[in-house]
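First up is the structure itself, then whatever we jot down about it.
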Amino acid sequence: MGTLVALEVAGRLGARVEVRSVGGDLTREIEDWQGRPLLVLIDAMHSGAPPGTVRRFDANAACLPDLGEPATSTHGLGLGPVLELARLLGYLPARLVVVAIEGRRFTVGTLPSPEVLSAVGAAVALVESEVEGAFIFTPPAR
Amino acid sequence: MSAHRTIVVETLARVEGEGALHVKVRDGRVEDVRLRIYEPPRFFEGLLRGRRFTEAPDITARICGICPVAYQMSAVHALEALCGVTVGGALRELRRLLYCGEWIESHALHVYLLHLPDFLGYEDAIRMAADHPESVRAGLALKKVGNEIMRVVGGREIHPVNVKVGGFYRAPSRPEIAALREPLLRARDLALGMTRLAAGLEFPDFERDWELVALRHPGEYPMCEGRLVSSGGLDIAVREYEAHFAEEQVAHSHALHSILKGRGAYFVGPLARYSLNFDRLTPLAQQAAREAGLGPVVRNPFRGIVVRGVETVYAVEEALRIVESYEPPGSPALEVLPRAGVGCAVTEAPRGILYHRYRIAADGVIQDAKIVPPTAQNQKAIEDDLRSFVATRLDLPAKELTWQCEQAIRNYDPCISCATHFLKLDVERI
């Protein structure tokens, strides 16, 4: 789901943004977040809202709602714990926004549900508005 | 305190997969210890039947997100042995470099994010990070270097896609490999720091007399090749594995228990590998071990966190050696033509020896596969250890005993997802 939105954003905003598709363990990314003016993380969520619901979280302001449980896996922390780890280590960017779409199908290998596919456009628009609302953004040299 | 009581921990965190530990105490004596692995069976061996032999590295890599390289390496070596192909030169070096990346990543993850919180009294690494941010930063930085090696050589960090039977789909260029040198130089200091940090922790006096089993190679610290040796005198070719080791089904676990025939439980992993191959470590890794207070043989599982540090020093140095001498191979892979037969291999996953055996038909279709991961091999030894560990701590309050049991289990860094492919603690006192 996140990749679908990110690819669409990349197509629309081109070199104005750096787009990464990250699978598995997110901890390897967090060191690179520090010093960036804006980071938008796009992911699926499972909150009990109707599938296809798009939500925006200001992660600088507060922990994600799924925090509170101890980390229970060795293979990859969830997004909430990773953000908290980044906050504790001083790796958060100037602005960190999470855009999430409520999923319906979480089985490995299945396609996104029609509800999620129909919500991609709204998520892309939300990401674009974050970028447009930011000051002039130059991707760091890599 | 009553001799009859029940202590239950619903979920043991910081191990991979779903399982539980059940300890039954009757009249103040430990009557039974069961490592219950209830994560559903994953049927990978069944999935392999009917697939092309060339698909085995990619299918088996999916068994584990932390040690996919181990699965790939055991698969390709077994199939190449079957087909009469030996991979050497730069391709062999690239495989070893890829395995170094996995050891660095897995050991750094275990030490800093999974086990150190136990020793320092935190529920998890996130809570530990509030008071010890520098340790967590160092762990993540070290882990990242391992990940980077896996990306460059394996194509991506998780479930690499560049490994094939006979070699690789694409050989990295010299500049791509050379770019790993600077991060590895920093990683060497981080690995030495990790070893010193681990050496300063407090360890309970808990020596075990397991039969240690690991690979041993004539000239190097073992990863992909060598003979299977043990502290009890075993010295066999890997093709003789099934003549000496057996798997047993037990009612309380979805993972088969392994035994050494006629001898019972045995122990694999970093302690076994280190204790049977100390002389094969680099001088710097040996020095780091001595300065950390380790002898050439380590039998206290709590000191596994130190041994992982020493092995990380080794893996970083070995990776540096390969990077600094790398010459790209003429071809990214050798041609491997299928033939009917049976092939097997053992390689050293971060958690210990990983056995693969395949039977393929003349057309290259897999007829039968057998995979024995390290956690499955250690289950019996873990149960034996916990029985002894709990027996000397029965006077502890339930919460403290539970905490110590969880910590003890994480000594073994069990990967239940691999073994069923783990953990709730339940101490029953009756």
Side-chain angles (χ1 to χ4, degrees), chain A residues 2-3 6-7 18-36 39 41 43 59-60 62-93 96 98 106-110 140-142, chain B residues 10-18 62 64-68 105-106 108-110 112-115 117 122-148 150-151 156-159 351 406 410 413-418 422-424:
Chain A
T3 302
L7 287 172
E18 178 185 349
V19 175
R20 290 189 194 179
S21 179
V22 180
D25 181 12
L26 200 57
T27 58
R28 67 180 188 271
E29 294 287 319
I30 63 178
E31 195 179 349
D32 292 344
W33 294 354
Q34 57 189 330
R36 291 179 183 261
L39 175 69
L41 291 169
D43 204 354
N60 291 99
C63 301
L64 288 189
D66 64 340
L67 274 179
E69 292 296 318
T72 57
S73 171
T74 62
H75 284 28
L77 301 178
L79 182 56
V82 168
L83 296 188
E84 191 57 19
L85 192 59
R87 189 190 317 279
L88 289 165
L89 297 178
Y91 290 158
L92 286 188
L96 176 55
V98 176
F106 288 91
T107 306
V108 173
T110 58
R142 299 191 60 78
Chain B
E10 290 297 335
T11 303
L12 182 70
R14 284 179 275 131
V15 297
E16 185 51 39
E18 298 170 1
R62 289 285 173 171
C64 183
I66 292 297
C67 53
E105 189 269 345
S106 180
L109 175 77
H110 174 84
Y112 279 111
L113 297 183
L114 307 181
H115 214 185
Y122 294 93
E123 191 173 0
D124 58 38
I126 296 168
R127 286 154 179 85
M128 185 179 78
D131 296 332
H132 301 276
E134 287 309 317
S135 291
V136 178
R137 282 192 194 104
L140 291 176
L142 187 53
K143 182 173 172 296
K144 192 172 180 177
V145 176
N147 283 133
E148 182 63 5
M150 291 172 71
R151 187 189 67 77
R156 63 184 185 190
E157 299 96 330
I158 311 287
H159 303 134
R351 292 162 184 80
E406 288 187 62
R410 281 190 285 270
D413 195 12
C415 183
I416 293 169
S417 299
C418 286
F422 164 13
L423 196 75
K424 178 176 142 181

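By convention in this document, chain letters (A, B, ...) are assigned in the order of the sequence lines, proteins followed by strands, and residues within each chain are numbered from 1.
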Going from NZ on B:K144 to CG on A:D32, what distance comes out if it is rounded to the nearest 0.5 angstrom?
-> 3.5 Å
Can you tell me how far the CG atom of A:L88 sits from the CG atom of B:D131, to the nearest 0.5 Å?
-> 9.5 Å
Using modelled atom types only, decide if a donor and an acceptor are shared between the side chain of A:R28 and the backbone of B:N147 within a distance under 3.5 Å.
-> no
Here the pair of heavy atoms bringing B:I126 nearest to A:P81 is CD1-CB, 3.2 Å
One should read off an interatomic distance between B:R137 CZ and A:I30 CD1, to the nearest 0.5 angstrom, of 9.5 Å
Contact origin within B:E157 toward chain A - heavy atom pairs under 4.5 Å = side chain
Could you go through the side-chain contact (heavy atoms from CB on, under 4.5 Å) check for A:L89 and B:L140 one step at a time?
-> CA-CA 11 Å; A:L89 297 178; B:L140 291 176; 3.6 Å; yes
